[in-house]
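Have a look at the structure below before the remarks.
Index from 1, following the sequence.
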Amino acid sequence: MQEQEIRAKLRDWIVKHSKAPGKANFGDDTKILEEGILSSLDIVEFVLFIESLRGEDIDTDDIEPAVFTSINTLYTAFFTQVA
């Protein structure tokens, strides 16, 4: 899967699951948790989605909260070695 396709799938999932009013302007550098685009409860389901995109499990003990800052940080943390 190509980088742009992965980024689009991450954005689509977030927009689909977000209850935030500002999600229409969501971009790769939008602060996902800081702007309330996703809640901490959404993150568990989002991690499962990321695992499905990667095709492998994620060791949740190794995830730093900063990884969920934006699409840019998510892509770097979870897909730069797999893409």
Side-chain angles (χ1 to χ4, degrees):
M1 197 178 313
Q2 298 297 318
E3 178 177 348
Q4 293 308 316
E5 184 179 1
I6 292 169
R7 288 174 179 269
K9 287 182 182 286
L10 292 171
R11 278 191 302 274
D12 290 347
W13 191 97
I14 290 169
V15 168
K16 180 179 174 187
H17 290 80
S18 176
K19 295 169 184 68
K23 66 183 180 183
N25 299 321
F26 186 78
D28 285 3
D29 57 351
T30 300
K31 308 294 186 209
I32 296 168
L33 296 177
E34 186 176 310
E35 295 187 21
I37 303 296
L38 291 179
S39 71
S40 57
L41 296 176
D42 295 324
I43 295 301
V44 173
E45 190 176 345
F46 191 46
V47 168
L48 294 174
F49 176 72
I50 292 169
E51 287 179 339
S52 73
L53 287 179
R54 288 171 40 114
E56 62 185 46
D57 292 342
I58 294 171
D59 185 354
T60 54
D61 291 338
D62 292 338
I63 299 175
E64 296 292 330
V67 166
F68 295 96
T69 301
S70 67
I71 293 292
N72 291 328
T73 57
L74 286 164
Y75 184 81
T76 300
F78 296 118
F79 297 98
T80 52
Q81 293 93 16
V82 204

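- Distance CD1/Ile14 to CD1/Ile37: 8.5 Å, rounded to 0.5 Å.
- Here the CD1 atom belonging to Ile6 is positioned 4.5 Å from the OH atom belonging to Tyr75, to the nearest 0.5 angstrom.
- When the side chain to side chain donor-acceptor pair (under 3.5 Å) test is applied to Ser39, the partners found at least two apart in sequence or on another chain are Asp42.
- Using a 4.5 Å cut-off on side-chain heavy atoms (C-beta onward), Val67 and Leu74 make contact.
- Residues Leu53 and Trp13 have side chains not in contact (no heavy-atom distance under 4.5 Å, counting atoms from C-beta outward).
- Rounding to the nearest 0.5 Å places NE2 of His17 at 13.0 Å from CG of Leu41.
- Distance check: Thr73 OG1 to Phe78 CZ gives 8.5 Å after rounding to the nearest 0.5 Å.
- Under the rule for a ring-ring contact (aromatic ring centres under 6.0 Å, His included), Phe68 has no partner lying at least two apart in sequence or in another chain.
- In this structure, Thr60 and Ile63 have side chains that are in contact, with non-hydrogen atoms separated by less than 4.5 Å.
- The hydrophobic clustering, which links ILVMFWY residues whose side-chain heavy atoms are closer than 4.5 Å, places Leu48 and Ile71 apart.
- Note that the CG atom of Leu38 and the CZ atom of Phe46 stand 6.5 Å from one another [nearest 0.5 Å].
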>> Between Phe49 and Lys9, is the side-chain contact (heavy atoms from CB on, under 4.5 Å) condition met? List the steps.
In response: CA-CA 10 Å; Phe49 176 72; Lys9 287 182 182 286; 4.2 Å; yes
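- Scored by the salt bridge (charged side-chain N to carboxylate O under 4.0 Å, His left out) test, Asp28 finds Arg7, Arg11 as partners (sequence neighbours excluded).
- The CG atom of Leu33 lies 12.0 Å from the OG1 atom of Thr30; values are rounded to the nearest 0.5 Å.
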